Colleague: 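Let me give you the structure first, and then I'll get to my questions.
Letters go in sequence order (proteins before strands), and every chain restarts at 1. None of the values given here were measured: they were computed from a predicted structure.
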Number of protein chains: 2
Amino acid sequence: MNPTIKDVAKKANVSIATVSRILNKQPGYSVKTKERVLEAIKELGYQPNAVARGLINKRTQTIGVLFPDVSSMFSSDLLKGIEDIAHERGHSVIVCHTTLSGQRTMKYLQLLNEKRVDGIIFTSEAMTEEYYNVLKEMNIPVVLLATQSYRYPLPYVKVDDKHAAYSAVSYLIQKGHHNIGMISGDINDQLAGLPRIEGYKQALLDRGIPFDEKKVVVSRGFRYEDGIAQLPKLLKQAKDLTAVFAASDEIAVGALSAAYELGIRVPEDLSIIGYDNLKIAEMAIPPLTTLAQPLYEMGKAGTEMLLDMLETGQAVESRVMPHSIVERRTVKPLS
Amino acid sequence: MNPTIKDVAKKANVSIATVSRILNKQPGYSVKTKERVLEAIKELGYQPNAVARGLINKRTQTIGVLFPDVSSMFSSDLLKGIEDIAHERGHSVIVCHTTLSGQRTMKYLQLLNEKRVDGIIFTSEAMTEEYYNVLKEMNIPVVLLATQSYRYPLPYVKVDDKHAAYSAVSYLIQKGHHNIGMISGDINDQLAGLPRIEGYKQALLDRGIPFDEKKVVVSRGFRYEDGIAQLPKLLKQAKDLTAVFAASDEIAVGALSAAYELGIRVPEDLSIIGYDNLKIAEMAIPPLTTLAQPLYEMGKAGTEMLLDMLETGQAVESRVMPHSIVERRTVKPLS
DNA sequence: CTGAAAGCGCTAACAG
DNA sequence: CTGTTAGCGCTTTCAG
């Protein structure tokens, strides 16, 4: 069995209180005792029991992160940022894959409560009343990552989706494209679906290009398969498109594949711009021009916010992260 | 604050022992008290404190998983399998990104010990004496995932790398290729580096094709960038190759990109086979033929093993998982 | 500067 | 069937 603080105390001939003080760098002991204790610790290979500490401190130094079954590349960029900061600031992270069904999300929320995590990062999924209620009950800091809620006062970190989509489409227009299609994600998704369509629409309108609903096709998700399925559909219902804006990189790469099958050359015959800037954007053939979300930084920022709330007890401000265009080779300038 | 078992006991007019029994489904109470207690629990919204439980039971229902900074796609497939089984069997998972430096691995190991996790899954990285010693000290089950150790008696789950590489190259030969190159990962990697080269060599020799070291080029890692850099080098030092075996899908996709830049058509001018069967293999243009490792199943299997050890206290047997060839479109049969 | 003792929330004998 | 009690390993008053 692991040695306990008691063993250390006995070995060093002091009380456990003294050992505890030394462990926690509190004042109240002579240099000599400190040395003796430190030596006992080393000799025994003593490691404090975080469980016992958690019980009394009411802090577990652990946070929970909920991921829906979104593209794993998307999630893992976020996770990396989260884990880096959490570790740096002395916290562990418990990952929870909630998949689609809310049931599992509820189970996880309950679990995280039982484990007494210090805070929760809720990613990508929409916040529901049910979730919010239990979160409120738990009475711990929560931050929304790559999602947000109008209804509930939870701090978030995300990109401005509408604005980002606007930028992507504006970029296309600047490059001389006028006949631009869009492959959207789920239109019922108030967070990543609709706003991007609105950004697309707005960009068009602002340049005096009429919006034509035939030019946007909506899929159920944001996956590769959606891109594969939707590009042909889009091309059929909207003629002579010179460019398409895909609502995610996975969709864009799917579109790239579909185009390849159709014998349509990208970017010679058709320009494509994606959204996210995942690793696959870089790896695509040809490399995908895309609207970049700083996923890794978002993960870091969200975690910073969470831990700040934890430490200060204060609310923090939401952060809208900057997006940018990463120019690669799927958009051809039109003369 | 969260209500405690005491509150429940008071409200239901019973002792905390009775509540505890009911919570743990142990015998020893009437139906009536049970109902009363259950109602009190519901009314208070009581949730047992897993930290307190962990302290007394010496079980935290939590496992730790260590990932080096391997391709995130690779890790996240594993993680998904791990998390699914862990959750199904009532455990949470703490993720630890160890990056490259062993220092961080040691810190994590120590952390996981302090948190008193019930078991550890150690992925991809080579087991060192230093790690093994602390792991042994911790005295909890450990399983190696996508790695193995000759020196230390730790159960593992992985694919037979040499055999898998042998299969991949044999496949190429069956398709009529004789002049086959290889882009290897780090040759100093005893687990994923060398064995795959040996499999390549063996497959050649078994068909009477002489091995020529000019035909294999080794990179430092298994990343996309390595593929990009190494293909041109390989093509320069080995003429008239008709096919290449890449030691990972990322390398293969990098090779695909490099070929595209060079104006080499795949598979018309050059066939390529990858290794892993990540999602990107499917998404590549053209879709990548590859040697599939069942990553998700491996994650599941490893976790099953770990939890079995935990529950039974018995050692478990290592598992060599089946590999297979996923035929897509980067290998052209030679007449 | 140091120790004794209470108690975090829970489980597990041991009594009754 | 039910309650009392002693800890699990630690932090933290409160005395000295």
Side-chain angles (χ1 to χ4, degrees), chain A residues 1-38 40-41 44-62 110-111 113-118 138-140, chain B residues 1-38 40-41 44-62 110-111 113-118 138-140:
Chain A
M1 215 44 249
N2 269 306
T4 74
I5 196 173
K6 229 172 174 170
D7 301 321
V8 176
K10 200 178 298 172
K11 180 146 201 147
N13 255 311
V14 294
S15 73
I16 60 171
T18 300
V19 178
S20 175
R21 283 188 195 101
I22 292 170
L23 249 27
N24 298 296
K25 302 189 201 310
Q26 286 172 342
Y29 42 80
S30 66
V31 185
K32 272 204 122 167
T33 27
K34 180 175 171 181
E35 275 174 10
R36 237 182 24 253
V37 169
L38 256 23
I41 287 175
L44 292 170
Y46 168 75
Q47 316 232 179
N49 182 329
V51 180
R53 275 187 168 166
L55 182 57
I56 193 157
N57 289 335
K58 284 144 174 17
R59 281 287 174 90
T60 52
Q61 305 291 113
T62 303
Q110 181 181 327
L111 191 85
N113 185 24
E114 293 189 3
K115 292 240 159 116
R116 300 299 192 261
V117 295
D118 297 337
M138 291 173 68
N139 199 29
I140 56 175
Chain B
M1 216 44 245
N2 270 304
T4 75
I5 197 173
K6 229 172 176 171
D7 301 320
V8 175
K10 199 178 299 173
K11 179 146 202 147
N13 254 310
V14 294
S15 73
I16 60 170
T18 300
V19 179
S20 176
R21 284 187 195 102
I22 292 170
L23 249 28
N24 297 298
K25 301 189 203 305
Q26 288 172 342
Y29 43 81
S30 67
V31 186
K32 274 204 120 168
T33 25
K34 180 175 171 182
E35 276 173 10
R36 234 180 30 249
V37 169
L38 256 24
I41 287 175
L44 293 170
Y46 168 75
Q47 315 233 182
N49 182 327
V51 180
R53 275 186 168 166
L55 182 58
I56 194 159
N57 290 336
K58 286 146 173 12
R59 282 287 174 90
T60 51
Q61 304 293 113
T62 304
Q110 180 181 329
L111 192 84
N113 184 26
E114 292 188 3
K115 292 240 158 114
R116 299 301 193 258
V117 295
D118 298 337
M138 289 174 68
N139 199 30
I140 56 174

Colleague: Which residues satisfy the side-chain hydrogen bond (donor to acceptor under 3.5 Å, both in side chains) test with B:Asp7, sequence neighbours excluded?
Modeller: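 For B:Asp7, no residue satisfies side-chain hydrogen bond (donor to acceptor under 3.5 Å, both in side chains) once neighbours in sequence are set aside.
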Colleague: Which pairs with one or both residues in residues 21-36 of chain A pass salt bridge (charged side-chain N to carboxylate O under 4.0 Å, His left out), sequence neighbours excluded?
Modeller: none
Colleague: Would you kindly give the NZ-to-C1' distance between A:Lys25 and D:dT11, to the nearest whole Å?
Modeller: 16 Å
Colleague: If the condition is side-chain hydrogen bond (donor to acceptor under 3.5 Å, both in side chains), which residues does B:Thr4 pass it with, not counting sequence neighbours?
Modeller: none
Colleague: According to a strict under-4.0 Å criterion, is A:Thr33 in side-chain N/O contact with OP1 or OP2 of C:dC1?
Modeller: no
Colleague: Could you pull out all residues at least two apart from B:Asn24 that satisfy side-chain hydrogen bond (donor to acceptor under 3.5 Å, both in side chains)?
Modeller: B:Ser20
Colleague: Under 4.5 Å between any side-chain heavy atoms of A:Ile140 and A:Asp118, yes or no?
Modeller: no
Colleague: End-to-end bend of the helix from C:dC1-D:dG16 to C:dG16-D:dC1 (five-pair axes, 10° rounding)?
Modeller: 40°
Colleague: For A:Lys11, which residues count as a side-chain hydrogen bond (donor to acceptor under 3.5 Å, both in side chains) partner, sequence neighbours excluded?
Modeller: A:Glu43
Colleague: Kindly write out the residues that satisfy side chain to side chain contact (heavy atoms under 4.5 Å, CB included) with A:Gln47, not counting sequence neighbours, or none if the list is empty.
Modeller: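 So A:Gln47 forms a side chain to side chain contact (heavy atoms under 4.5 Å, CB included) with B:Gln110, B:Asn113, B:Glu114.
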Colleague: Reckon A:Val51 touches a base, only the sugar-phosphate, or nothing at all at heavy-atom distances under 4.0 Å?
Modeller: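 Here A:Val51 touches no strand at all.
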Colleague: Hey, is the side chain of A:Lys58 poking within less than 4.0 Å of OP1 or OP2 on C:dG9, counting only N and O atoms?
Modeller: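 So the side chain of A:Lys58 is within the cut-off, an N or O lying under 4.0 Å from OP1 or OP2 of C:dG9.
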Colleague: Please report the shortest heavy-atom distance between A:Val51 and A:Asn49, naming the atom on each side.
Modeller: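 So the two residues come closest at N-OD1, 2.7 Å.
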Colleague: D:dC1 P sits how many Å from B:Ile22 CD1, rounded?
Modeller: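 That distance rounds to 12 Å.
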Colleague: Whole angstrom is fine here: how far is it from CG in B:Asn13 over to C1' in D:dG3?
Modeller: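 Roughly 13 Å, once rounded to whole Å.
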Colleague: Generate the contact string for nucleotides 10-16 of chain C. Rules: B means base contact, S means sugar-phosphate contact only, - means no protein heavy atom under 4.0 Å.
Modeller: BBBBB--
Colleague: Restricting to side chain to side chain contact (heavy atoms under 4.5 Å, CB included), what partner residues turn up for B:Ile16, sequence neighbours left out?
Modeller: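 With sequence neighbours excluded, B:Ile16 shows a side chain to side chain contact (heavy atoms under 4.5 Å, CB included) to B:Ile5, B:Lys6, B:Ala9, given in chain and number order.
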Colleague: Does D:dG3 have OP1 or OP2 sitting under 4.0 Å from an N or O in the side chain of B:Thr18?
Modeller: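 True: B:Thr18 side-chain N/O within range (under 4.0 Å) of D:dG3 OP1/OP2.
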Colleague: Would you kindly give the CG-to-P distance between B:Leu55 and C:dG7, to the nearest whole Å?
Modeller: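 From B:Leu55 CG to C:dG7 P: 17 Å.
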